[in-house]
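Order of the sequence lines fixes the chain letters, A, B, ..., with proteins taken first and strands second; residue numbering starts at 1 for each chain.
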Number of protein chains: 2
Amino acid sequence: MTSKLPSTSRSLPIALIRAREGVMAPIREMLSETGITEQQWRVLRVLSEYGALDTTTLADRSSLLFPSLTRIASTMRDKGLITQTRDQADRRRQIIDITEAGQKIITERAAQSAQIVADFRITLGDENYETLLDLLAKLDPGSRD
Amino acid sequence: MTSKLPSTSRSLPIALIRAREGVMAPIREMLSETGITEQQWRVLRVLSEYGALDTTTLADRSSLLFPSLTRIASTMRDKGLITQTRDQADRRRQIIDITEAGQKIITERAAQSAQIVADFRITLGDENYETLLDLLAKLDPGSRD
DNA sequence: TGGCAATTATTAACATGACAAGGAAAGCCG
DNA sequence: CGGCTTTCCTTGTCATGTTAATAATTGCCA
């Protein structure tokens, strides 16, 4: 049994990294004007979409590790982008919500962000774009069939 | 113009993150037994495939940023996995090569690594697997048509 | 030849990823 | 009630991602 490794040029992990880099480049460029990071943008996006969330749910939907979210939330609170409140019924839990300042960033960049997404959809074509999302979902253990 | 943002559940950047996490989970599990990181594994893979490389080429093929590679190479040299030599013709340049100890890690894990890749290919199906790699390549600015 | 721009690599600074350990609160159960 | 486990969150540590600044060479060109 030879068990050869695939060439790195056709390696799935590396292909995922490079694709992500290609997709994030214009988004990072946009975010550089706002002073927030890509992860902070994700947190705002999720809060804007779902409303106030407990930390566990927020971490899951933002695809952030829990310890990372603890630190990210701390800096975002200092920036006035989110609020953190203790759940009075269960004081272990914490509820995070977006502030007006946070929502303002999302709103102001919505058009620009949507345009970036639209460009990628055009690059791949509508059908390929949906196919790609479906295939990626199959690699995600959290949503595998 | 409304310019709505897509739901985060169908967001391409987030889908890429989650897919990558799904793919890397078993690989990280394998690497935890070797004491090297995912990035160090990529460096060894590239060196094993292409032979000695200058730092710029190595960074490009490993999909690592230059400052990251500087640190990673430093730790890998200390671990005895690679060698660093100055190019005598152009002393700004540096040549990195894999050592026997480094090659040994690749060789010992080749079968296990190939099995992990094979499992994902089965999960998606051969055709889907190739389609996915092709679509991901189209998002990579370094290989876009 | 001498100075300036370009290339290559390193370092710095901050934020995050990943994993382990610790701490606080709640729930269970004798 | 009191101890035990579980859950939720925080902190610590090391490695990496990202951007900017700096250093060391080299190449160009007046």
Side-chain angles (χ1 to χ4, degrees), chain A residues 13-14 16-18 20-44 53-60 62-79 81 84-96, chain B residues 13-14 16-18 20-44 53-60 62-79 81 84-96:
Chain A
I14 291 183
L16 287 168
I17 293 174
R18 292 186 175 157
R20 185 171 145 58
E21 184 186 334
V23 169
M24 288 313 302
I27 296 178
R28 262 202 297 273
E29 186 179 0
M30 173 188 81
L31 291 179
S32 70
E33 304 168 3
T34 70
I36 68 173
T37 68
E38 171 200 332
Q39 289 80 2
Q40 292 169 8
W41 170 257
R42 280 216 303 278
V43 169
L44 291 181
L53 293 175
D54 65 278
T55 309
T56 301
T57 306
L58 178 56
D60 184 57
S62 310
S63 287
L64 290 170
L65 293 178
F66 219 95
S68 295
L69 182 55
T70 293
R71 287 182 280 237
I72 291 170
S74 170
T75 63
M76 291 180 78
R77 173 174 39 75
D78 293 346
K79 285 184 178 180
L81 303 178
Q84 294 174 298
T85 52
R86 286 279 161 194
D87 183 329
Q88 287 308 311
D90 182 344
R91 293 196 306 179
R92 291 171 305 182
R93 289 173 172 278
Q94 186 181 132
I95 305 298
I96 296 183
Chain B
I14 291 183
L16 287 168
I17 292 174
R18 292 186 174 157
R20 184 170 147 57
E21 186 185 333
V23 170
M24 287 314 301
I27 296 179
R28 263 201 298 273
E29 186 179 2
M30 172 188 80
L31 291 179
S32 69
E33 305 168 3
T34 70
I36 69 174
T37 68
E38 171 198 333
Q39 289 80 1
Q40 293 171 6
W41 169 257
R42 281 216 301 278
V43 169
L44 291 181
L53 292 175
D54 66 276
T55 310
T56 301
T57 306
L58 177 57
D60 184 55
S62 311
S63 287
L64 290 171
L65 293 179
F66 220 94
S68 295
L69 183 54
T70 293
R71 286 180 298 222
I72 292 170
S74 170
T75 64
M76 292 180 78
R77 174 173 40 75
D78 294 345
K79 286 184 179 179
L81 302 177
Q84 293 175 299
T85 53
R86 285 280 160 192
D87 183 329
Q88 286 308 312
D90 183 343
R91 294 196 305 182
R92 290 170 304 185
R93 289 172 171 279
Q94 185 181 134
I95 306 297
I96 296 184

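In this structure, the CZ atom of B:R92 is 8 Å from the C1' atom of D:dG27, given to the nearest Å. Rounded to a whole Å, the CZ atom of A:R86 is 13 Å from the C1' atom of C:dA26. At whole-Å resolution of the value, CD in A:Q40 and C1' in C:dT16 are 10 Å apart. Between A:I27 atom CD1 and D:dT19 atom P the separation is 13 Å, expressed in whole Å. Atom CZ of A:R93 and atom P of D:dT10 are 13 Å apart (whole Å). Rounding to whole angstrom units, CH2 of residue B:W41 and P of D:dT16 are separated by 16 Å. Regarding A:Q84, its CD atom lies at a distance of 10 Å from the P atom of D:dC9, rounded to whole Å. As rounded to whole Å, 19 Å separates atom P of D:dG17 from atom CG of A:L31.
Taking a 6.0 Å sphere around CD of B:E38, one finds it holds more than 12 heavy atoms contributed by other residues, nucleotides or ligands. Counting non-hydrogen atoms of neighbouring residues, nucleotides and ligands closer than 6.0 angstrom, the CD atom of B:Q84 exceeds 12 such neighbours.
Contact detail for B:M24 and A:P13: the closest heavy-atom pair is SD-CB, 3.7 Å.
Using a 4.0 Å cutoff on non-hydrogen atoms, the parts of residues 64-74 of chain B near DNA chain C are B:F66, B:P67, B:T70, B:R71, ordered by number.
Each of A:L53, A:L64, A:L81, A:T37 was scored for a side-chain contact (heavy atoms from CB on, under 4.5 Å) with A:V43, with one residue passing: A:L64.
In this structure, the side chain of B:T75 engages the main chain of B:I72 through a donor-acceptor pair within 3.5 Å. Side-chain atoms of B:K79 never come within 3.5 Å of backbone atoms of B:I36 as a donor-acceptor pair (strictly under, hydrogens ignored). Between the side chain of B:R93 and the backbone N or O of B:R86 there is no donor-acceptor pair closer than 3.5 Å.
Nearest-nucleotide mapping onto DNA chain C: of A:T37 and A:A89, the residue sitting toward the 5' end is A:T37. For the pair A:R28 and A:D90, both in contact range of DNA chain D, the more 5′-proximal nearest nucleotide belongs to A:D90. Residue whose closest nucleotide on DNA chain D sits further toward the 5' end, between A:E38 and A:T55: A:T55.
Counting any heavy atom pair closer than 4.0 Å across all strands shown, B:S32 reaches no nucleic acid atom.
Here B:Q94 reaches the OP1 or OP2 of C:dT10: one of its side-chain N or O atoms lies under 4.0 Å away.
Closest contact between the side chain of A:R91 and the listed nucleotides C:dA25, D:dT18, C:dG17 involves C:dA25.
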